[in-house]
Amino acid sequence: MDVDRYAHTARGWATGAARVYGPLAAQLVAAAPHPLTGRRVLDAGAGTGLASAALRDAGARPVAIDRSPAMLAWDAAARSPSAAGALEALPLRDRGVDDAVAAFVLNHVDDPTAALAELARVTRPGGALLATAPGATSAHRTVRDRIDAVAADAGFTPPDWYAHLTTVQAPLLGDVAAMRAAARDAGLADVVVTEHVADVGVERAEDLVDYRLGQAHVAAWLAGLAEPERAALRRAAIAAVAPVMEPYRPPVITLVACVA
């Protein structure tokens with residue numbers, strides 16, 4: 001297993017990044033083309049369990065897989081059955097689940113078509129495959145970038161893996177045509193891909209700051225700061241965002257398909 005890039009992330013993700021990714025996970029699960037009640041559904045790239053929670057709310061029986069053992073350990077006693085593993089080589093047998101959900105994880109791999117094919121391998125024929133990825137549109141980032149600037153002024157430098165994520169991996173599925181092509185090349189059927197600007201309910205500067213500072217690329221650096229320094233950074237970021245804050249509406253590419 002690779003070095004766990006999310007080793008310091010679980011708390012910030014569950015309490016901060018979840019302000020955006022929680023509503024997005026619920027929206028993805030709601031897009032299922034058939035009822036999920038009673039079905040065994042894979043939550044691939046499960047993180048701290050946001051999609052698993054949405055699946056349970058829909059009556060499904062989720063099983064969680066994530067590359068990060070630290071993320072899976074968050075609130076472990078209350079979590080769905082889980083295992084550490086890579087999206088490119090899922091530790092599941094062929095046709096082991098009824099459906100699969102991949103919320104904002106396909107944009108973390110170098111070959112999303114192969115990852116979709118692996119998701120299809122473990123899903124029974126006729127099962128749904130639901131996935132999301134960030135849209136490439138950059139207009140929503142203007143306010144968010146103010147938070148990054150405050151962190152940079154405080155000495156933060158993004159890790160190399162984050163540069164690879166943002167410049168190489170994420171653009172592979174950054175628009176509808178790219179996601180549709182990947183899904184079809186992976187052999188999926190009934191492929192429907194849409195893009196929309198998502199309402200995630202984030203309208204306060206405090207919530208946007210907590211979302212951004214709860215993400216993995218900044219987690220290890222924040223963990224190395226003393227608590228007063230982290231508190232001061234958060235206050236500075238809120239002050240930078242508040243004058244120009246508007247509802248945060250990220251663009252989302254959504255795939256709804258079936259396994260042939």
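Just so you know, residue 1 is the first one in the sequence shown, and it goes up from there.
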* **Whether R61 side chain and V41 backbone form a donor-acceptor pair below 3.5 Å** => no

* Test W13 against Y21 for side-chain contact (heavy atoms from CB on, under 4.5 Å), laying out the working first. => CA-CA 9 Å; W13 193 273; Y21 290 113; 3.5 Å; yes

* Whichever hydrophobic residues join L165 through chains of side-chain contacts under 4.5 Å -> W161, Y162

* Using a strict 4.0 Å threshold on nitrogen-to-oxygen distance, state whether R67 and E88 make a salt bridge. => yes

* Asked: Should R95 and T123 be marked as a side-chain contact (heavy atoms from CB on, under 4.5 Å) after you check the CA-CA gap, both sets of side-chain angles, and the distance that decides it?
  -> CA-CA 4 Å; R95 303 181 178 186; T123 305; over 6 Å; no

* Work out which heavy atom in T137 is nearest to a heavy atom in E195; give both atom names and the distance. => OG1-OE2, 3.8 Å

* Asked: Are L130 and L24 connected in the hydrophobic side-chain network, where two residues link if heavy atoms are under 4.5 Å apart?
  -> no

* Test side-chain contact (heavy atoms from CB on, under 4.5 Å) applied to H8 - qualifying residues, sequence neighbours left out -> A219, A220, A223

* **Pairing residues for A231 by the side-chain contact (heavy atoms from CB on, under 4.5 Å) criterion, not counting sequence neighbours** => E227, R235

* Asked: When clusters are formed by joining ILVMFWY residues with side-chain heavy atoms under 4.5 Å apart, either directly or through shared neighbours, do V101 and L50 land in the same one?
  -> no

* Determine whether H217 and R5 make a side-chain contact, defined as any pair of heavy atoms from C-beta on separated by less than 4.5 Å. => no

* **Closest contact, heavy atoms only, V256 versus P33** => CG1-CD, 3.9 Å

* Between E203 and Y248, is any pair of side-chain heavy atoms under 4.5 Å apart? -> no

* With side-chain contact (heavy atoms from CB on, under 4.5 Å) as the test, would you mind laying out the steps for D99 and H34 before giving the verdict? => CA-CA 10 Å; D99 308 282; H34 52 241; 2.8 Å; yes

* Asked: Near R11 CZ, under 6.0 Å, is it more than 12 heavy atoms from other residues, nucleotides or ligands?
  -> no

* Asked: Does some side-chain heavy atom of Q169 sit less than 4.5 Å from a side-chain heavy atom of H164?
  -> yes

* **Where at least one partner belongs to residues 15-31, residue pairs that pass salt bridge (Lys or Arg N to Asp or Glu O under 4.0 Å), sequence neighbours excluded** => R19-D207, R19-D210

* **Same apolar cluster: L28 and F104, side chain cutoff 4.5 Å** => no

* Structure fact -> The remaining residues in the hydrophobic cluster of V197, counting side-chain heavy-atom contacts under 4.5 Å among Ile, Leu, Val, Met, Phe, Trp and Tyr, are none

* To do: Not counting sequence neighbours, which residues clear salt bridge (charged side-chain N to carboxylate O under 4.0 Å, His left out) with D199? List them please.
  => R249

* **Where A260 and A189 come nearest, the two heavy atoms and their spacing** => CB-CB, 4.4 Å

* Asked: Could you give the distance from CZ (R40) to CG (L36), rounded to the nearest 0.5 Å?
  -> 13.0 Å

* Asked: Partners of W221 by ring-ring contact (aromatic ring centres under 6.0 Å, His included), sequence neighbours excluded?
  -> F156

* To do: Please collect all salt bridge (Lys or Arg N to Asp or Glu O under 4.0 Å) contacts where either partner lies in residues 109-123, sequence neighbours excluded, each pair once.
  => D94-R121, E118-R121

* Asked: Taking all non-hydrogen atoms of both residues, which atom of V244 and which atom of A240 are closest, and how far apart?
  -> CG2-O, 4.3 Å

* To do: Mind checking side-chain contact (heavy atoms from CB on, under 4.5 Å) for P62 and listing every partner two or more places apart, or none if nothing turns up?
  => S52, L55, R56, S80

* Quick one: side-chain contact (heavy atoms from CB on, under 4.5 Å) partners of L172, sequence neighbours excluded? -> P112

* **Sequence-distant partners of R124, salt bridge (charged side-chain N to carboxylate O under 4.0 Å, His left out), two or more places apart** => D98

* To do: To the nearest 0.5 angstrom, please state how far the CD1 atom of I147 sits from the CZ atom of R141.
  => 14.0 Å

* Rounded distance (nearest 0.5 Å) linking atom CG of D4 with atom OG1 of T9 -> 7.5 Å

* Structure fact -> dist L72:CG -> Y6:OH (nearest 0.5 Å) comes out at 12.5 Å

* Asked: Does one hydrophobic cluster hold both V29 and V200, with members joined at side-chain heavy-atom distances below 4.5 Å?
  -> no

* To do: Of all the heavy-atom pairs spanning A154 and L233, show the shortest one and how long it is.
  => CB-CD1, 4.0 Å

* Structure fact -> Besides V191, the hydrophobic cluster formed by Ile, Leu, Val, Met, Phe, Trp and Tyr side chains linked at under 4.5 Å, directly or via other members, contains L42, V63, I65, L87, L90, L92, V97, V105, L106, V109, L116, L119, V122, L129, L173, V176, M179, L188, V193, I253, L255, V259

* Keeping the roles fixed (side chain from R230, backbone from L225), state whether a donor-acceptor pair exists under 3.5 Å. => yes

* Specify the closest pair of heavy atoms between Q27 and H196, including all atoms of both residues, with the distance to one decimal. => OE1-NE2, 3.7 Å

